[in-house]
Every structure is written in C-alpha cells, then in structure tokens.
Amino acid sequence: MAEIITPDTRKLLGETLGQLKGEVTLMLFTKKGVNDPFNEFSDKFIREISSVSSRIRHEFHSIGDEASKKFSVERSPTLLISPETYHLRYTGAPLGEEGRSLIIAIMMVSLGQTIMSDDSRKRLDRLKVRRHVRVFVSPTCPYCPQQALYALSAAVYRKDLVSAEIIEIYQNQDLAEQEGAMSVPTTYVDETHTSSGLEPEENFMESLIEGRPVRYVMPAGMEDKRDYDLVILGGGPAGLTAAMYAERSGLRSIVFERANIGGQITITPVVENYPGIQRIAGKTLVDMLARQTLEYAPVLQGVSVDAISVQGRKGFEVRTSRGIYHARGIIIATGAEHRRLNIPGEARLAGRGVSYCATCDGFLFREGKKVVVIGGGNSALTDALYLDSLGAQVTILHRKDAFRAQARLQDALKQRNIPVLWNSSAMEILGDKKVESLKIENLTSGTKEEREANGVFIAIGYDPVNAIAGKLGLRLSKEGYVIADDRQRTSMPFVYAAGDVTGGIKQITVAVGQGSVASLSAFEDLSSPYWKKTTTSPLNP
Ligand code: NAP
C-alpha cells in the first residue's frame, strides 16, 4: 500500500503535532478476515501518524486478547485513544474526512484541552449522569467531522462521565441498518436518536445532557453583546467573500452560519467551473475559502439568527442563538435550501434511503444498490454521475423530455449509459423501515409502475432561505428571493443581499462576486468615503 499521508500533509502534520505535550496512545484492534482492507489501512495510517511525533505511541491488538476484553472491543477495526484515561472510540477506520477529527482528538487528549466553546463547557458542567454518544459517519460526509468533534470534545472535557464512539457506516453496515442510520451524521445518546444532520453545538450539548433531542436552546450568552459594523448572515461563498471584503475595507464584520460553512458547495462532489481551478471537490474549495476568510473575520458555525430589529440611528439588533449582537449594517447571504417533493413517504423515510445529499449518503449505496435520482438540473446530473462512480445502479427520473443541466454533464451521462425515465413523476416512496420502492407515473401515457429502489436522491432545486429577510420586511420577488439592485442594496437602507438568496444565476462565481459588491456598497454607505459623497439605489433612493 502506498503512503497514506503525502509529503506535503506530513509536513503540515509535523507542525501541528509538534505542539503535543502529553503522551497519547493509539490502540488498534483488528480481526483477520473482517474488514481486512480497512484493518490494513488503519494499521498503516496509525504507524504513519505515530512516526510524525514521538509523543504518539501505538499498540496493535487482536480482537479476543486481554486488552480487547478489558475495553470491550468486538468490532474490527476499532481504534481507542488513550483508553486508560479517556473513552474515545472509532469503530471502523477513520477514513477520509474522519482523518481530520482523529488528528484533532489526538491534540485534545495530549493538550488536555478541547475545541468547544465556553458556553458548551458551562453546559457540560451540569452533567451528572454517564452518557454514551454515538455518531454515525461516512468518509465523504463533510458535515460529519464537526458532529464527531462535538462528541469527542465532550468526552475529553467530561472524561469522568462521557464516552464517544464514531462509527463508520460502510464498515459497520449491520449497525447502521440496525439503528436505521441511513444518512450521516446520525447521533444517538445512549439508545436515543437525538439528531440526523449536523447540529448547532449548543443543541448537541443539551441533547447529550438531557439524553433526548433538544432542538431549541435558550441563548446562554445574552450578556455577550458585541458591536460590529456588519453582521453577515450565511457562511456560503457569498457571505465568506463579503466578510473578507468588508474587513479589508475596514468594516468590523462577523459571519453567522446556522449549518455548515460553505453552504451547498460543501455537498457538491466536484466543482469544475471555478476560474483558475480546473477540478476540485466542493468541500476542498470551501476549506480554502473559509481559511482565507478566517484570516480576516470570525465565522461562527452553528449559530442561527432568530430576529433582527431596526434600532433607528443605532443600527440593528441581531438576536442569535449565541446572544445579542449590534451592527450598523446587515448582509443577507442565507442562500437556498433543497426543495422537497412533498409526496407520501418522503418525510417518513428521510434519512432511511431518502436523501438530499449524494456526497454525504452515497457511500451506503455502493456495490450495485439501486438508486433513483430525481431532477433534471445540474445537481441531479452531478449526483447521478457521482453515485454511478461509487458503483450504484443509477436511474434518473425527470418530469420533462429534456434536461436543463449543462451539456457537458449530459454528455457524461450518455457516456456512462445512465438510464433516464423521461416524462415521469414520483408519486410515492414506499418502504417499511427503509426505502424499498418508488411509485412512478409516466406523464405522457398515464401509466403507473412501482420500481424497486434502495435509495431515492432528490435534487429538484432550491428555495430561498428568506425567513429573516421576510421578517425584516425586505422586498421579495414572488418566488421569495430578496430583491437587490446591481450594488446588492435591498429595499431597506444598510441591508444588502448576495448569493443564491437573491435568485438569478446560481453559480459560485456569481455568489462571490455579489458578496464582494455587497461589502463594497456597505463600505460606501457606512464609511462615506470622500470620493463617494452620495449613494443612491433605485430600490432605496
Ligand atoms: P435547478 O437547476 O432548478 O433544476 C431543478 C430540476 O428539478 C429541474 O430539472 C426541474 O424540472 C426539476 N424539478 C423542480 N421541481 C420539481 C418537482 N416538484 N418535481 C419534479 N422535478 C422537479 O436546480 P439544481 O440542479 O439543484 O441547481 C440549482 C442551481 O445551482 C442552478 O442554478 C444550477 O445551475 C446551479 N448548479 C450549478 C452547478 C454547476 O455549475 N456545475 C452544479 C450544481 C448546481 P424542470 O426542468 O421541469 O423545471
């Protein structure tokens, strides 16, 4: 097997792990004949990580030996981190995205510090009972490492009461199926399913403490008032670029992202049309963009903005799940969220074979599983090609007789011989505990059929995330997009909008362009530079 850690990564890792203080033990347990390729990967990966720092020890054990009995290890491979002190377990090799969470877990154990917020520490101080938290993950899921790190941080901070287990679903399909964890990340606290998807940090901690799903957490930092020039809602390409441009113009800015930084590109398997970069995984592009932005401005992930009120000349009061902030201007870059079909079975089987994220959940449908991708745009075709490359048996279902997706994607679909059911509509998704079939109607002939399917990937476009814009009273189009002029000014003074929430052409390049324009307009309006004496907008004359 070739080196897992490339020379460049090794250099970076050397710098990171050079900060280690206390010794960390990585204990790998394997059983020959069970998940062999993953056992070999784990063995090699751990040797390579250990070779970077003298503070990391490794031990290799067979399942059935004394150590495995002592730590109750039964699955191969299993990795424990310093198990004499902590309860941190990877069930399955820490592949792909989880490699990152493992490195951070090693850092936390060695330094005895966690990466969680002060707010989470205060919450966890209340914990009085033992908790075992399990997070089901997949190697390609961009949301997973963050959810895994909440669990691992909690188990480092409350090593007396919390144990964390990160379970890779592909190597542990039986466990995933048993729990019905068909989408990732899925989290259980003890035996209770607490969430599907990445949660805000405070929700995760409260669910852990309560042992039940907690969806709304009272802001703990009400006293944490902070003043900014600009509050930016949304950490996608538009919001991140806006923050960078704002700070470079001298406007103090902060970005609040309620879900995952990067927005939709995070779940785009490949981006091939970002100028200067021939081909890049969406998640990698996001990481680059986020790293660059973080050099300028704070980007808070998992923070939702609940309300914004206008405070006359004082600007805006922004109520968030992390307390109240004040700003002189607002940029709305909240993007769009995937559209639902609203057919029977869709909601009931969501996370049980119904998915809106091929990058996250596709892994489960490798090796010939039957999947139907619904839609005819760029997303549906990108998802279909990705699932096909994983080895799934893909069929596309589209309500028209032609695609609106780019010709290049259509050509690739033809080359791979991916079948298309034209002029067809999904009527119902069927299955008991997971998706088993799909009821389809041919819209031309009116005939109906039931088609066997293990997975249904819905990629039928997006609707704008406009709740806050609507509450603020901004002018919206009839489809609900925020109306902005060519300088990204909205109908309300000092409020700007950028990216997919404004509708129009939904491309990353357009979003970053609009993000920069929004901030430069805010600079003109808020800083009144001498060379711009007046600013007018057709929307806001
Ligand atoms: P989209 O372009 O809006 O396409 C949505 C597709 O779903 C259309 O084919 C539409 O059918 C179908 N659809 C909509 N509602 C439906 C319903 N209720 N039932 C069945 N089918 C339905 O959405 P998208 O593909 O998610 O793309 C969103 C935006 O992101 C687009 O602007 C796209 O260009 C961009 N994007 C770009 C790239 C890229 O540049 N590589 C990649 C991904 C996404 P009709 O055609 O009949 O309306």
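Counting starts at 1 for both ligands and their atoms, in listed order.
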inquiry  = For atom 10 (C) of ligand 1, what's the nearest protein heavy-atom neighbour? Residue, atom name and distance, please.
reply    = Arg399 NH2, 3.9 Å
query = Is there a donor-acceptor pair under 3.5 Å between the side chain of Lys283 and the backbone N or O of Gly262?
reply = no
message = Given 3.5 Å as the limit, does a donor-acceptor pair link the side chain of Gln171 with the main chain of Gly92, or not?
response = no
message = Is the distance from the ring center of Phe316 to that of Phe494 below 6.0 Å?
response = no
query = So, for Tyr188 and Phe136, is the gap between ring centers shorter than 6.0 Å?
reply = yes
request  = Compare Ile460, Ile505, Val270, Asn342 and give the one whose heavy atom is closest to atom 18 (N) of ligand 1.
outcome  = Ile460
query = Of the choices Gly461, Gly504, Gly377, which has the non-hydrogen atom that lies closest to atom 23 (O) of ligand 1?
reply = Gly461
note = The atoms of ligand 1 lying under 4.0 Å from a heavy atom of Tyr462, numbered in the order shown, are 26 (O), 28 (C)
Return a yes/no value for [X]: is any of its N or O atoms, backbone included, closer than 3.5 angstrom to an N or O of ligand 1?
| X | value |
| --- | --- |
| Ser379 | yes |
| Gly376 | yes |
| Arg404 | yes |

query = Hey, does Gln264 sit under 4.0 Å from ligand 1 if you only count heavy atoms?
reply = no
request  = Measure up the Phe204 and Tyr150 rings against each other and bin them: parallel (under 30°), tilted (30 to 60°), perpendicular (over 60°).
outcome  = tilted
ask   = Can you tell which part of Gln406 has a heavy atom less than 4.0 Å from ligand 1: side chain, backbone, both or neither?
value = side chain
ask   = Can you name the one residue among Ile166, Val135, Ile104 that meets side chain to side chain contact (heavy atoms under 4.5 Å, CB included) with Leu149?
value = Ile104
message = Taking the cut-offs as 6.0 angstrom to the six-membered ring centre and 45 degrees off its axis, would you call Arg487 and Tyr496 a cation-pi pair?
response = no
